[in-house]
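Down below is the structure, laid out as C-alpha cells.
First the proteins, then the strands, lettered A, B, ... as listed; each starts at 1.
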Amino acid sequence: MPQSTPIYSFPYPCEGEDITVTAFANLANAIDSKLAELNTDSYEARNRYNFAAETAQNVLAAGVDTVLAGANSTYTIPADGVYFIKAKCFNYVDPATFTSLRVRVRKNAVVQFGARQNPESQMLDFLAAGMIPAAAGDTISFQALFTGTGSWTMSVIWYVAMFVRIQ
Amino acid sequence: MACLTCPSEASLGDVALILQKTALEAEACIYEQEIALQTAINRPTLVWQTASSISVIPNSDEQITLQGNPTILFNNTGFGSPPSVFALGGIFLYGITLNAVASGTVNDNTIRRITLQTVDNLFNGSPIDTVYYTVFETSAAGGMDMTCWGLFSVPVNSSAIIRFVHANTSSNINISAGAIQYITRIGDNSTVRAV
C-alpha cells in the first residue's frame, strides 16, 4: 500500500511492493505541482498590484460634495488584500474665493478617509492617504468639496498599492 | 547545500526505500523554502478602526492610540493588540486617518495636530522618532479630515503612540468613530542582500 509524506502528501511505494514507472511519475508530478504552486506565490509576491493615474478634470460648484467622474475616476480592486491608497488634489483653475478644500477616498461609495485644508484663498496641492483592507471587485472612487465662491477645476492624482495579499 | 542525497551502493536494489527517502528529503527542502517565502511575503500588518468617538479636551495633547473601542480589520502579525507589533523591530509604515469635529462651538483657524511617535520600551518610553501633521480649523460643516503617516525604523520592543491636540477652547473635539490606524512591516533594519 503506497504511503505519502506528512506535509505535502508526496506519494512513495512501500518496501515489498511491485515498483513500476508509475511510482516515479507520481512522485515527480507531485513535487512538480508543489513547486509550481510556490512559483505562483513567489511571482505574486514580487508583482504586487500597483496602479497610478490622474482623474479627468472635474469642475466643482461651491459647497457641493462632488463624486469625481470621467476617465480614471474609479479603480476596481483586483484581488483580496490590504491596500495603501494616496489621493492628491491637483488644481487647474482656482475658485474665486475658497476657505476650505477637501478630498475623500471611498470604497464602494462609502467614505473611508480624507483630508481637508484651510487655504484662506491661497491654493495648494494636498493629499489624503491611508491603508484599508479591500476585496476583489471593490470600487475605489473619490469625492471633493470646497467652500467659497465660484467654481473649482481640479483632478485627483491617485495611487493604489497592495501591501498584503489575502489568500 | 544539496537537498537530496544519493542512494548508497548497498541500497540501490531497494527502489521503494529510495523513493521514500527522495520524497521525504524533497518535502523537507521545499517546506523550508515555503516558510522562508511566506515570511518574506506576508508582511506583518495590523489595521484597526475605532467604533466609537474619542473626546479630546483643549490643549491637552492626549494619547488616543487605544481609545475608541478599536475593532481589528486585518491582523496577520500574530499579536493581539496594536503597538505590540513593534515587538518585532524593523522598518514600519505607520499611520492614521481621522475626522475631528467640535462637539460644540467651533473656533475658526485654531490648530488641530496629530503626532505619531515611536518610543523605546527599554528606556522608559524615550521617543525614537516623531511625525506631525497640522491643520487649522476651517469652520466648514463636517469638521477636519486628517491623515498622517510615516516610515519608522524601530528596534525590537518598541511601541507606537498617537496623540491629538487642538486649541478649540470653546468645546472639546470629537475624533469621530471610523478612525483607521495601520502598521505594516516593510523590512528589517539591516538588509544583507537586496533581491
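- Residues A:Met154 and A:Val105 are members of one and the same hydrophobic cluster, defined by side-chain heavy-atom contacts under 4.5 angstrom among Ile, Leu, Val, Met, Phe, Trp and Tyr.
- The parts of A:Leu127 that come within reach of chain B are both its backbone and its side chain, each placing non-hydrogen atoms under 4.5 angstrom from that chain.
- Side-chain contact between A:Phe10 and B:Ile30: present, with at least one pair of heavy atoms (C-beta onward) separated by less than 4.5 Å.
- Between B:Ala26 and A:Ile31 the shortest heavy-atom distance is CB-CD1, 3.6 Å.
- Heavy-atom minimum distance, A:Tyr12 versus B:Ala23: CD2-CB, 3.9 Å.
- Note on A:Lys34 versus B:Glu27: no salt bridge recorded, every NZ/NE/NH1/NH2 to OD/OE distance being 4.0 Å or above.
- Put simply, of B:Glu34, B:Met144, B:Met146, the one with the most heavy-atom pairs under 4.5 Å next to chain A is B:Glu34.
- Residues B:Leu19 and A:Pro11 form no side-chain contact, since every pair of their non-hydrogen atoms from C-beta on lies 4.5 Å or further apart.
- When all heavy atoms are compared, the tightest approach of A:Pro133 to B:Val47 is CD-CG1, 4.2 Å.
- Scanning both residues, A:Met131 and B:Leu93, for their nearest heavy atoms gives CE-CD2, 3.9 Å.
- Contact check for A:Thr99 versus B:Thr138: no side-chain heavy atoms found under the 4.5 Å cut-off.
- We find the CG-CZ distance between A:Asn118 and B:Arg112 to be 10.0 Å, quoted to the nearest 0.5 Å.
- At a threshold of 4.5 Å between side-chain heavy atoms, the hydrophobic network of Ile, Leu, Val, Met, Phe, Trp and Tyr places B:Phe74 and A:Tyr83 in one connected group.
- Interface residue A:Leu38: backbone and side-chain heavy atoms are both found under 4.5 Å from chain B.
- The side-chain heavy atoms of B:Asn99 and A:Phe113, taken from C-beta on, include no pair separated by under 4.5 Å.
- Neither the backbone nor the side chain of A:Glu44 comes within contact range of chain B; no heavy atom of the residue lies under 4.5 Å from a heavy atom of that chain.
- Contact check for B:Leu37 versus A:Asp41: side-chain heavy atoms found under the 4.5 Å cut-off.
- Within the 4.5 angstrom heavy-atom criterion, only backbone atoms of B:Ala141 (N, CA, C, O) approach chain A.
- In this structure, the portions of B:Leu73 lying under 4.5 Å from any heavy atom of chain A include both its backbone and its side chain.
- Grouping the Ile, Leu, Val, Met, Phe, Trp and Tyr side chains by contacts below 4.5 angstrom, directly or via other members, places A:Phe90 apart from A:Leu68.
- In this structure, B:Ala140 and A:Ser100 approach most closely via the heavy-atom pair CB-OG, 3.8 Å.
- Only the backbone of B:Glu137 has a heavy atom closer than 4.5 Å to any heavy atom of chain A.
- Contact annotation for A:Thr147: only side-chain heavy atoms (C-beta onward) come within less than 4.5 Å of a heavy atom of chain B.
- Chosen from A:Ala30, A:Ala23, A:Pro6, the residue pairing most often with chain B at heavy-atom distances under 4.5 Å is A:Pro6.
- Residues B:Phe152 and B:Ile183 are members of one and the same hydrophobic cluster, defined by side-chain heavy-atom contacts under 4.5 angstrom among Ile, Leu, Val, Met, Phe, Trp and Tyr.
- With respect to chain B, the highest number of heavy-atom pairs below 4.5 Å among A:Arg48, A:Gln112, A:Arg102, A:Gln117 belongs to A:Arg48.
- Contact of A:Phe84 with chain B is made through the side chain alone, with heavy-atom distances under 4.5 Å.
- B:Tyr133 is not connected to A:Val103 by any chain of hydrophobic side-chain contacts under 4.5 Å among Ile, Leu, Val, Met, Phe, Trp and Tyr, and they are in different clusters.
- Across all non-hydrogen atoms, the minimal contact from A:Arg104 to B:Asp145 is NE-OD2, 2.6 Å.
- Of the two parts of A:Leu27, only the side chain, counted from C-beta on, holds a non-hydrogen atom closer than 4.5 Å to a non-hydrogen atom of chain B.
- The number of heavy atoms from other shown groups lying within 6.0 Å of OH (B:Tyr31) does not exceed 12.
- Between chain A and the options B:Gly95, B:Gly143, B:Ser139, the largest number of non-hydrogen pairs under 4.5 Å is found for B:Gly143.
- Comparing B:Val135, B:Leu98, B:Ile186, B:Asn109 by how many heavy-atom pairs each has under 4.5 Å with chain A, the most go to B:Asn109.
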